[in-house]
Structure formats: C-alpha cells, structure tokens
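Inspection log for the structure reproduced underneath, given as structure tokens.
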There are 2 protein chains.
Amino acid sequence: MDEATGLEAMLCFELYTASRAMTGLYRPALDAAGITYPQYVALRVIWQRGSVKVTDLGATLHLDSGTLSPLLKRLEGQNLVHRTRGEDDKRTVWVSATPEGMLLEQQLADLPERLACALDLSVEDFTTLYHLLGRVRGTATASNL
Amino acid sequence: MDEATGLEAMLCFELYTASRAMTGLYRPALDAAGITYPQYVALRVIWQRGSVKVTDLGATLHLDSGTLSPLLKRLEGQNLVHRTRGEDDKRTVWVSATPEGMLLEQQLADLPERLACALDLSVEDFTTLYHLLGRVRGTATASNL
DNA sequence: CACAATTAAATTGTGCACAACCTAACGGTG
DNA sequence: CACCGTTAGGTTGTGCACAATTTAATTGTG
C-alpha cells in the first residue's frame, strides 16, 4: 500500500512506532510537570500503592533495577519520592511519594482519559486494542525461542 | 482484574510494554546476527530500497538524525552499510548495504514470519491489531495538544 | 553456629530516543 | 556576485532499556 519499505508486514515495527507516538502524545503534559513517561508510570504505581518495593515496581513495569535505580534516584532528587531500606529485610528498598509527589497526582489526574480521547478510537476499538496488546505481551514474554 | 496498579486503563502503558516484549522476542536472533532491533529495521529499509537518503530513512522509521547518525555509524563500523555523500547535493548522505550487509538479509529472511507465528494470533486478530496500531500512530503523530 | 546458595539493589557499559544546537551546502533574490 | 533563509547531517547532553557484574543481606542446610 505505502511505498515499499520491507516493514509492511512487521507487527513489531507497528508496535515500536505506535508506542513512541503515544508517549510523544504524553510528552507536552509531562514536560510541564518536569517528568518523563517512564517516571510517570512508575509514579502511578507508587500513587496507587502508597509504598512499593523496588522489586514489585519492577515486576509491574517489567523493568529491572538497572533502569529503576537511576530513575528513582532522579525522582528522589526532585523531591517527588522517598526511599527507605526495609526494617525487617534491609535488602529491600521501599519507595513512596513525598507530599510534593502526591500533588502531581492531582495535577495529572485527567491525563490518560484526555489523551485516550485524542486518539479518537471507539470504545470497541479501544477495548479490542487493549486486550490484543495484553495478549501479545503475555505471549511474547512467555516465549523463549 | 489484576492487582491494582493505577495502570489498568492506560493504553499507552500496554503499548509500551507490548512493544518492549516484542522486541525482546527478536533479541536472540538479532544478538546472534550482531545487531540491535533499531539497526535491524533500518537495515530492512536499506535492503528493500537499495540506496536511501538518511532523511528518507528517518521519515520511514520516524527517527531523527540524532538517533540515525550514530546508528548508521555503528552499522558502517561493522561493514554492514556504506555511506556516501550525494554528488549533486553534497548535503545528503546515501546509505546502502555492503555485500556483507546483504548476506544478513538472507540469514534473517524468515524472522518476522517466524516470530509473528510465535505470537499465536489468528489472522483476523493480527490484521485488526496491525491496523489499529497504524491508526493510533497516525492520530498520535498528527495530534498537537 | 558456619557456610553455601539465594535474593535485593546498585553499578557499569552499550546503544537507542529525543531535544537543542551547530555547520556546511544549497537556492533564490537584489 | 553577495546575502539570507532553508535544508541535510552531525554533535552534545539527558534519560531510558537491558545485560552483566558487584555488594550486602538473608535463608537454608549440615
């Protein structure tokens, strides 16, 4: 259909570009808040759970400590989160939002809904896409070729 | 459904994780070939078109020179591509595959089909997902909130 | 209790994504 | 021809993604 690129049939490429386009949609609002998209999704988990172990955060976001350690350090540097070693198990680090970090939750509360609307998908298409993506992630994660 | 994360309703997060899971599926084969996923998609365009201007490559992949310049430099360092300044317009740089780079095309020829099968999606689901992703990318790229 | 195996984070190193800036080349107009 | 605005790539700097290694704390077993 389009000009020949050798990429037509690659679902992976569509995922790759759609994902980047979508985070680009979040960028203006997140820039204004002074955070990045990965920082934002980490904050959402922290907001929701109150206090999270780094391991659990990583399991939820599918990110390892190599990504999360510096990311959380930057959030801590901005006074958005607080980190403390576990008292029972001193290996674990608990992350929670500071008062300043909690303020951000209110400021960004309408963001996902607002941007989902900007996509101009029907509820059916949105739901279909959402579930197919979940299936792809599940299968791809489970696969060990 | 899952444990509460504050991420349930975020299509963007599903895209973000599904995309990373999918490129992870490509990783073993690409590691064996000595290239990364972004290098692979760039090579696919180069294989298809024979010779490409950096600008056109960037338009196809939705990447700018800040990403492509070092990426192509690394591919050139591996003797997979060759870069030459345009004769008519010396600002443009043409990229093409070396013989060694062309060999890779054969070696990786069955990759997308093989991995698409690993996803275990019906043809209908695959097509639906593919087109919805295209719509999302199009809308998200066009939006300027 | 001592010690090996495991686990949690952090660190290091490579490469991508993207913004901001820079330089060279081109193209048109006076 | 000289100048100005535009275009093509490259460079720099920040932050993420991920593999591999390191360190410290914990757990299990003899």
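The figures that follow rest on heavy atoms only: side chains count, while hydrogens, waters and symmetry mates do not. Computed from a predicted model, the values in this text were never measured in an experiment. Below, read A as the first sequence line, B as the second, and so on, with proteins coming before strands; counting in each chain starts at 1.
Contact annotation: B:Arg27 side-chain N/O to D:dA19 OP1/OP2 distance is under 4.0 Å. Between A:Lys73 and the phosphate of D:dG15, there is no side-chain N or O to OP1/OP2 separation shorter than 4.0 Å. Contact check, B:Tyr16 against D:dA17: a side-chain N or O comes under 4.0 Å of OP1 or OP2. Listed pair A:Arg20 / D:dA17 fails the phosphate criterion, with no side-chain N or O lying under 4.0 Å from OP1 or OP2.
One can find a donor-acceptor pair under 3.5 Å joining the base of C:dA10 and the side-chain atoms of A:Ser65. Counting atom types as modelled, B:Arg91 pairs a side-chain N or O with a base atom of D:dT7 as donor and acceptor under 3.5 Å.
B:Thr92 comes within 4.0 angstrom of the backbone, heavy atoms only, and of no base. Nucleic acid contact for A:Asp64: base, since at least one base atom lies under 4.0 Å from a heavy atom of the residue. Among the heavy atoms of the strands, none lies under 4.0 Å from B:Leu68. A:Asp88 comes within 4.0 angstrom of the backbone, heavy atoms only, and of no base. Counting any heavy atom pair closer than 4.0 Å across all strands shown, B:Thr36 reaches sugar-phosphate atoms only and no base atom.
Separating the CG atom of A:Leu75 from the C1' atom of D:dT14 is a distance of 14 Å, rounded to the nearest angstrom. The interatomic distance linking B:Trp94 (CH2) with D:dA8 (C1') rounds to 13 Å, in whole Å. Taking atom OH on B:Tyr40 and atom C1' on C:dG15, their separation rounds to 19 Å, with Å as the unit.
Electrostatic pairing of B:Asp110 and B:Arg114 counts as a salt bridge here, judged by a charged N lying under 4.0 Å from a carboxylate O. A salt bridge between B:Arg49 and B:Asp56 is absent, with no side-chain N of the basic residue lying under 4.0 Å from a carboxylate O of the acidic one.
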